[in-house]
Amino acid sequence: MARMLELALYLCLFMCLILTCYAQTCAKYAFSRNRVFKSCTDLPVLNSFLHYNYDVSGKLEIAYRHTGITSSRWVAWAINPTSKAMVGSQALVAYQLSDGSMRTYTSPITQYQTQLQEGDLSFYVSDLSATYANNEIIIFATLGFPNNDTTLNQVWQEGAMSGNTPQMHATSGPNVQSVGTLNLLSGQAGTIGGRTSTQRKQNIHGVLNAVSWGILMPLGAIIARDLKVFKSADPAWFYLHASCQFSAYVVGVAGWSTGLKLGSESPGIQYDAHRTIGIILFCLGTLQVFALLVRPKPDHKYRVYWNIYHHLVGYTVVILSVINIFKGLDILEPEKKWKNAYIGVVIALACSGVVLEAYTWFLVLRRKRSESAGKMSHGINGAHGNGVNAHTANC
C-alpha cells in the first residue's frame with residue numbers, strides 16, 4: 001500500500017513538471033529539404049514561430065510557422081514599415097484551397113476588417129511559397145529592404161475560411177495581441193504594450209490552475225474514495241487526502257488571483273464562462289476548507305449529513321475543475337501537445353480511479369461474505385450447543 005501511494009505521488013510530481021515546462025521553442029525544429037535558418041523566435045501568441053536569415057545588405061529570408069491549425073483556416077505574417085499596428089502592414093497570406101493546393105500571395109492592409117485583397121507590397125518579395133502538413137502552415141519568402149532597417153514591426157494573424165475566401169479574424173484574445181517588434185541582429189522579439197508580460201502571466205495562471213484544480217484536486221478525491229478501504233492505510237489516507245486537497249486549494253487560490261489580475265488588466269477581453277466557473281470553484285473550494293473545521297465525529301448523529309454535503313461539493317469541484325482547465329486551454333491555445341498531455345493526465349487519473357473503485361468493491365463484498373459466513377457459523381454452533389445441553393438435561 002505504501003508503494004502504491006509513493007507511485008501516485010511520483011506520477012503527480014512528474015505531470016506537474018511536464019505542465020510547468022510550458023514554454024514553446026523553435027530552436028530544435030528541422031525543416032525539410034535541408035533548409036537552414038540561423039535565427040528564430042517564439043512569437044508569444046497564436047502558436048507561431050519565425051525563422052529567418054538576415055543579410056546586412058538588406059535581404060531577409062523568412063519561414064513563418066503557424067502550428068495547431070486546420071486546413072479550413074488562413075494565416076498571415078506581415079511587416080508594418082510605418083507604425084506598430086495592423087493598418088499599414090505588408091502581409092504574406094497563405095491558405096489551402098478546396099482542391100488541396102496552397103495559395104500564397106501578398107496583401108497590403110489598408111483598413112480594418114480587411115478582406116486580404118491581393119496586391120503589391122512596399123518592398124521586394126520573392127520565392128514566396130507555403131506548405132501545409134501535420135496541422136501546420138509554413139510561409140517561405142525572401143524580402144528586401146532598401147533602407148536596411150534592423151528593427152521591424154511585425155504582425156501575425158489567423159482566421160477562418162468560407163470556401164476559398166478568407167474571413168475576418170477574431171477581434172478578441174490572442175488575435176488582438178499578435179503584434180510586436182523584432183530585432184534582426186539580436187533576434188530579440190518584443191510585443192507592443194507589454195503583451196509579453198501578459199502572456200507570461202497567462203501561462204503562470206494556466207499552469208497553477210492545471211496543477212491545483214486539474215491534477216491535485218482529483219488525485220485527493222481518489223485517495224479519499226478508494227484508499228480508506230485498505231486497513232493498512234488508516235489513518236494515513238486521511239492525512240494524505242487532507243494534505244493533497246489543502247495544497248491544491250492554496251495553489252489554486254494563487255492561480256485564481258492571477259486570473260483576477262489578468263482580468264483587471266484586460267478590460268476589453270472577457271471569457272465569461274471560464275471566469276464564472278473559476279469564481280464558483282473558488283467559493284466551493286473555500287467552503288470545503290472551512291467544512292473541515294466543523295466536521296462532526298464519526299459517531300455523531302449529524303455526521304451522515306456532513307458526509308453527503310462533503311462528497312457532493314467535492315465531486316462538483318472535481319468535475320468543474322476539469323471542464324474549466326479545458327476552457328482555459330482553448331483560450332491560451334498552446335501547442336497541441338500540451339492539451340494532449342493534460343488529456344493523458346485526466347485519462348490516467350480516471351483509469352486509476354476505476355481500477356481502485358473496482359478493487360474497493362471487491363474487498364467490501366468479500367468482507368461482507370466473510371462476516372456473513374462467520375455469523376452463520378456462530379449461529380449453527382450456538383444452536384448445536386443448545387441442543388446438546390437440552391438433551392443432556394433431559395437425560
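- The two residues Ile138 and Ala63 have their closest heavy-atom pair at CG2-CB, 4.3 Å.
- Once rounded to the nearest 0.5 Å, the distance linking CD1 of Ile343 with NZ of Lys337 reads 15.0 Å.
- Sorted by first and then second residue, the salt bridge (Lys or Arg N to Asp or Glu O under 4.0 Å) pairs with a member in residues 163-172 form an empty list; sequence neighbours excluded.
- In terms of hydrophobic clustering, with Ile, Leu, Val, Met, Phe, Trp and Tyr side chains grouped at heavy-atom distances under 4.5 Å, Val355 and Ile222 are assigned to different clusters.
- The shortest non-hydrogen separation linking Met161 to Pro166 is SD-CA, 3.7 Å.
- Minimum interatomic distance between Val125 and Ala141 (heavy atoms only, all atoms of both residues): CG1-CB, 4.5 Å.
- Looking only at distances, no side-chain donor or acceptor of Tyr54 sits under 3.5 Å from a matching main-chain atom of Ile62.
- Between the OG1 atom of Thr41 and the OH atom of Tyr52 there is a distance of 7.0 Å, given to the nearest 0.5 Å.
- In summary, the side chains of Arg103 and Tyr95 do present a donor paired with an acceptor at a separation below 3.5 Å, with no hydrogens or angles considered.
- Under the rule for a side chain to side chain contact (heavy atoms under 4.5 Å, CB included), Asp120 has no partner lying at least two apart in sequence or in another chain.
- Residues that satisfy the side chain to side chain contact (heavy atoms under 4.5 Å, CB included) test with Ser98, not counting sequence neighbours, are Asn164.
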**Message:** Could you go through Met217 and Leu219, starting from their C-alpha distance and side-chain angles, then the distance that decides it, and tell me whether this counts as side-chain contact (heavy atoms from CB on, under 4.5 Å)?
**Reply:** CA-CA 5 Å; Met217 197 68 73; Leu219 180 61; over 6 Å; no

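- A donor-acceptor pair under 3.5 Å links the side-chain atoms of Gln90 to the main chain of Ser122, judged by distance alone.
- Side chain of Tyr132 to backbone of Ser71: a donor-acceptor contact under 3.5 angstrom is found.
- When atom types are taken as modelled, the side chain of Thr106 and the backbone of Gly119 share a donor-acceptor pair closer than 3.5 angstrom.
- Atom CG of Leu43 and atom NE2 of His66 lie 10.0 Å apart (nearest 0.5 Å).
- Interatomic distance, Gln96 CD to Thr131 OG1, rounded to the nearest 0.5 Å: 10.5 Å.
- Contact detail for Pro108 and Gln117: the closest heavy-atom pair is CD-O, 4.1 Å.
- Considering all non-hydrogen atoms of both residues, Cys40 and His51 come closest at CB-ND1, 3.5 Å.
- By the criterion of side-chain heavy atoms lying less than 4.5 angstrom apart, applied directly or through intervening Ile, Leu, Val, Met, Phe, Trp or Tyr residues, Val87 is grouped together with Val93 in one hydrophobic cluster.
- The hydrophobic clustering, which links ILVMFWY residues whose side-chain heavy atoms are closer than 4.5 Å, places Ile347 and Ile215 together.
- The nearest pair of heavy atoms linking Val318 to Ala221 is CG2-CB, 4.0 Å.
- Considering only heavy atoms from C-beta on, Leu116 comes within 4.5 Å of Tyr105 through its side chain.
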Name each donor-acceptor pair under 3.5 Å that joins a side chain in residues 242-255 to protein atoms two or more places apart or in another chain, with its distance.
from, atom 1, to, atom 2, distance (Å)
Ser243, OG, Tyr239, O, 2.7
Ser247, OG, Ser243, O, 2.8
Tyr249, OH, Thr286, OG1, 2.8

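- For the residue pair Ser178 / Gln157, a side-chain donor-acceptor distance below 3.5 Å is found, with atom types taken as modelled.
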Atom pairs and distances, donor-acceptor, side-chain atoms in residues 274-282, under 3.5 Å, two or more places apart:
from, atom 1, to, atom 2, distance (Å)
His274, ND1, Asn324, O, 3.4
His274, ND1, Asn324, OD1, 3.1
Thr276, OG1, Asp272, O, 2.8

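- Hydrophobic clustering keeps Tyr305 apart from Tyr309 (ILVMFWY residues linked when any side-chain heavy atoms are closer than 4.5 Å, directly or through intermediates).
- At a threshold of 4.5 Å between side-chain heavy atoms, the hydrophobic network of Ile, Leu, Val, Met, Phe, Trp and Tyr places Met168 and Val155 in two separate groups.
- A heavy-atom distance below 4.5 Å is found between the side chains of Thr316 and Leu284.
- For Thr142, the side chain to side chain contact (heavy atoms under 4.5 Å, CB included) criterion is met by Lys59, Glu61, Ser126, Asp127, not counting sequence neighbours.
- Close placement of the Phe37 and Phe31 rings is indicated, their centers lying within 6.0 Å of each other.
- The closest side-chain heavy-atom distance from Leu152 to Thr181 is not below 4.5 Å.
- Side-chain contact of Tyr64 with Ser48: a donor-acceptor pair under 3.5 Å is present, judged by distance alone.
- Thr82 pairs by the side-chain hydrogen bond (donor to acceptor under 3.5 Å, both in side chains) definition with Asn80, not counting sequence neighbours.
- Scored by the side-chain hydrogen bond (donor to acceptor under 3.5 Å, both in side chains) test, Ser72 finds Thr70 as partners (sequence neighbours excluded).
- Atom CG in Leu121 sits 9.0 Å away from atom CD1 in Ile79 (nearest 0.5 Å).
- Remark: the Trp74 side chain and the Glu158 side chain contain no N/O donor-acceptor pair separated by less than 3.5 Å.
- When side chains are defined from C-beta on, Thr151 does not count as touching Leu182, because their heavy atoms never get closer than 4.5 Å.
- Distance check, rounded to the nearest 0.5 Å: CG of Asp55 to CG of Leu60 gives 10.0 Å.
- Scanning for side-chain hydrogen bond (donor to acceptor under 3.5 Å, both in side chains) contacts around His311 gives an empty result, with sequence neighbours left out.
- Among pairs with a residue in residues 205-220, those fulfilling side chain to side chain donor-acceptor pair (under 3.5 Å) read His205-Asn209, His205-Thr258, Asn209-Trp213, at least two apart in sequence or across chains.
- A donor-acceptor pair under 3.5 Å is formed between the side chain of Thr67 and the backbone N or O of Asn47.
- Listed by first and then second residue, the ring pair (Phe, Tyr, Trp, His ring centres under 6.0 Å) pairs that reach into residues 313-334 are Phe326-Tyr342, sequence neighbours excluded.
- Scored by the side-chain hydrogen bond (donor to acceptor under 3.5 Å, both in side chains) test, Ser101 finds Asp99 as partners (sequence neighbours excluded).
- Counting non-hydrogen atoms of neighbouring residues, nucleotides and ligands closer than 6.0 angstrom, the CG atom of Asn340 exceeds 12 such neighbours.
- Using bins of under 30°, 30° to 60° and over 60° for the plane-to-plane angle, the ring pair His310/Trp306 lands in the parallel bin.
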